[in-house]
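These notes concern the structure reproduced below.
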Amino acid sequence: VVRLKLYAGMQLPDASQSPPESTVTREISFPAEVVGWGTLRVKTSEPARVYVTGSDGLAYAPRTLARITWSSGDYFYYSRGEEEIRLPEGRASIEAVRGFEYEPVTQSVEIAEGRTASASLALQRRQNLAREGWYSGDVHIHANYNNHEFITPEDVRDQVQAEDLNVANMMVANSSGPHIHDEQYFEGRPNRASTPLHIIYWVEEMRNAGLYGHMCLTGLKTLVRPQHTGFANSAWPWDFPPNHAQAVEANRQGGAASYAHPGYNFTADPQTMSARELPVDLALGSINAMDVLSNSGEDASAGLWYRLLNTGLKCAISAGTDSFTNRRHHWLPGGQRVYVNVPGKFDYDGWVQNYKAGRSFATNGPILRFTVDGKGPGEEIRLPAAASVTIQASADSFVPFDTLEVVANGEVVATARAEGDGRKASLKKTLKLDRSAWIASRARGPYHRLLPNDRFVYAHTSPVYCLFGNDKIGSRADGQFFVEWIDKLIAMSEKRGRYKDDQQKRQVIELFQKGR
């Protein structure tokens with residue numbers, strides 16, 4: 001029996017004295033069950049995310065990379081193949097998960113006092129997208145960021161392999177001041193901890209303190225400087241240069257520029273989103289993609305993306321988790337990811353170039369396949385004055401979802417319900433077009449505890465662009481929407497922007513007017 005006394009109040013003694021009985025507020029006693037302890041040896045056929053629950057309902061992990069999922073609060077560890085775990089006697093359960101292309105595996109085992117039990121989990125592929133030329137990537141991961149725990153590239157590799165992520169874009173970035181995290185790892189090439197199918201590459205998050213938004217600059221050969229703008233008590237306290245200049249430099253190097261975590265509430269007021277300069281930069285041709293899946297809300301991000309596409313500007317889909325891999329409780333790398341079609345040999349530069357071209361889909365679970373008249377995401381179809389196109393779409397997911405949909409110029413034109421156990425759907429539709437259009441496919445479903453970062457199942461392809469002659473995709477209403485958006489951005493910059501002198505402010509305003 002455990003007896004517990006609780007003391008509280010303003011008259012507590014210091015630590016060297018015994019509390020006076022007059023301050024006892026509660027006495028509690030309760031039985032404590034004494035159990036024996038045994039050992040569990042767990043083997044996984046592949047690196048994996050492993051959840052172990054003891055007979056007491058609590059989570060257990062070995063002395064290795066143990067973390068907590070953001071969405072469900074489940075404790076787990078990253079398996080390197082074989083680990084030993086101390087557990088209370090009784091029945092324990094084990095679950096192994098690896099990315100989106102494997103079937104999750106569960107097993108239970110009896111733990112006996114003073115003995116070692118064994119469990120071997122064989123992970124089986126549901127799909128192998130690399131064989132089809134599709135490779136997954138996360139464009140926004142931090143290794144060591146805002147924490148006192150530090151990890152190595154080899155630790156990052158353990159996480160990336162266990163999540164079966166082909167391309168991990170690791171950020172060199174500041175946080176709230178001048179310190180730059182992980183600059184020592186930037187080499188302008190894949191890190192030595194990479195493997196042929198799991199590439200780790202340190203790149204850059206370009207962060208503005210508030211006015212413009214944050215960008216991920218991938219495929220860099222040299223870091224783009226300044227690496228942040230608008231942060232007080234740093235070498236770059238000014239909101240200058242605007243993001244456009246940094247994005248231009250990334251593209252000049254052969255890399256890509258994308259907007260990260262666009263925001264949570266898409267309205268006509270740019271202050272409700274974080275990707276405020278995005279419409280300017282997309283109009284001026286310096287931005288290649290935006291995160292539709294991220295730690296922002298997918299509905300808000302997709303709303304912004306749809307209206308941008310409706311103006312006739314091309315923008316590839318992207319996904320970035322903003323994972324801090326050195327934190328125990330944070331988003332996990334690859335929890336949202338973008339699959340890119342890379343014809344021929346897979347390498348990092350090829351992945352970046354096809355990512356820029358929009359040969360892609362983004363997902364937190366479902367695997368999408370989508371064509372319009374045989375053309376895939378990122379491609380164009382030239383049509384006569386009026387024509388019909390044949391659309392084929394399918395979704396296959398390791399967690400259940402509800403619907404598969406086809407979207408044209410922001411409107412749903414076809415829907416199919418998931419079949420059987422709710423993990424597969426397909427559709428075929430002939431769509432008559434009377435004007436130029438972008439067409440894409442998406443899937444959606446309810447929350448599942450194996451979504452480590454998100455609140456619901458979501459996947460979306462980049463568009464196929466169907467063009468009638470020289471007629472561009474173009475909605476006057478959406479164009480006017482962003483003209484007014486930029487007017488508000490200019491007003492914000494004039495009122496809140498911090499500039500060294502009038503010349504800096506004038507350059508920013510003139511750039512925004514050009515985008516307008």
Side-chain angles (χ1 to χ4, degrees), residues 127 129 132-134 282 288-290 292-293 298 301-318 338-343 354-363 366-397 401-419 424-444 458-479:
Q127 305 184 68
L129 267 70
E132 303 175 37
W134 291 86
L282 194 63
N288 311 107
M290 67 167 280
V292 176
L293 279 82
E298 281 83 13
S301 300
L304 173 61
W305 187 49
Y306 284 4
R307 295 205 76 158
L308 287 167
L309 291 173
N310 283 350
T311 68
L313 298 172
K314 289 186 176 181
C315 184
I317 201 167
S318 183
V338 56
Y339 276 88
V340 175
N341 184 225
V342 183
N354 286 282
Y355 164 75
K356 292 170 66 172
R359 300 169 61 90
S360 55
F361 69 90
T363 181
I367 302 301
L368 299 180
R369 292 175 174 83
F370 174 69
T371 60
V372 179
D373 280 358
K375 299 287 188 179
E379 295 189 274
E380 287 186 359
I381 299 173
R382 295 287 176 172
L383 298 167
S388 294
V389 293
T390 300
I391 299 165
Q392 290 185 289
S394 68
D396 188 324
S397 178
F401 65 98
D402 287 336
T403 56
L404 170 67
E405 297 175 323
V406 173
V407 181
N409 288 352
E411 302 294 329
V412 176
V413 296
T415 302
R417 299 287 299 179
E419 303 169 350
K424 289 187 178 182
S426 62
L427 63 82
K428 183 175 181 179
K429 180 179 177 61
T430 299
L431 180 66
K432 186 174 182 180
L433 297 175
D434 57 6
R435 59 192 174 103
S436 294
W438 61 266
I439 304 175
S441 177
R442 71 187 185 193
R444 188 182 181 110
Y458 194 81
H460 209 303
T461 70
S462 282
V464 174
Y465 301 94
C466 301
L467 305 175
F468 289 102
N470 295 321
D471 292 339
K472 295 180 179 180
I473 301 165
S475 159
R476 180 174 294 276
D478 291 305

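For this chain, numbers begin at 1 and follow the sequence in order.
- Expressed to the nearest 0.5 Å, how far CG of Asn288 lies from OH of Tyr355 amounts to 7.5 Å.
- A pairwise comparison of heavy atoms in Ser301 and Met290 identifies O-CE, 3.5 Å as the closest pair.
- How far CD1 of Ile391 is from CD1 of Ile439: 4.5 Å, rounded to the nearest 0.5 Å.
- Among the candidates Ile317, Thr363, Thr461, the single residue satisfying the side chain to side chain contact (heavy atoms under 4.5 Å, CB included) test with Tyr339 is Thr363.
- Minimum interatomic distance between Ser426 and Ala416 (heavy atoms only, all atoms of both residues): O-CB, 3.5 Å.
- Counting all heavy atoms, side chain and backbone alike, Leu313 lies closest to Leu282 at CB-CD2, 3.8 Å.
- No side-chain heavy atom of Lys429 sits less than 4.5 Å from a side-chain heavy atom of Val406.
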Under 3.5 Å, sequence neighbours excluded: what are the donor-acceptor pairs made by side chains of residues 380-390?
from: Glu380; atom 1: OE1; to: Arg382; atom 2: NH2; distance (Å): 3.3
from: Glu380; atom 1: OE2; to: Lys314; atom 2: NZ; distance (Å): 2.4
from: Arg382; atom 1: NH1; to: Gly469; atom 2: O; distance (Å): 2.7

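- Here the shortest heavy-atom pairing between Asn341 and Glu132 reads ND2-O, 3.8 Å.
- From Leu404, atom CG reaches atom CG of Asp402 across 11.5 Å, with rounding to the nearest 0.5 Å.
- Residue Phe401 holds its CZ atom at 10.0 Å from NZ of Lys424, rounded to the nearest 0.5 Å.
- The two residues Trp134 and Ser360 come nearest to each other via the heavy atoms CZ3-CA, 3.8 Å.
- Within the structure, every pair that satisfies the side chain to side chain donor-acceptor pair (under 3.5 Å) test and touches residues 302-311, not counting sequence neighbours, is listed here: Tyr306-Arg442, Tyr306-His460, Arg307-Asp478, Asn310-Trp438, Asn310-Asp478.
- Between Arg444 and Glu298 no salt bridge is recorded (no basic side-chain N to carboxylate O distance below 4.0 Å).
- With rounding to the nearest 0.5 angstrom, the CG atom of Leu427 is 6.5 Å from the OG atom of Ser441.
- Listed here is the closest heavy atom pair of Phe361 and Leu368: CE2-O, 3.5 Å.
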TODO: Tell me, with the steps shown, if Cys466 and Val372 meet side-chain contact (heavy atoms from CB on, under 4.5 Å).
DONE: CA-CA 9 Å; Cys466 301; Val372 179; 4.0 Å; yes
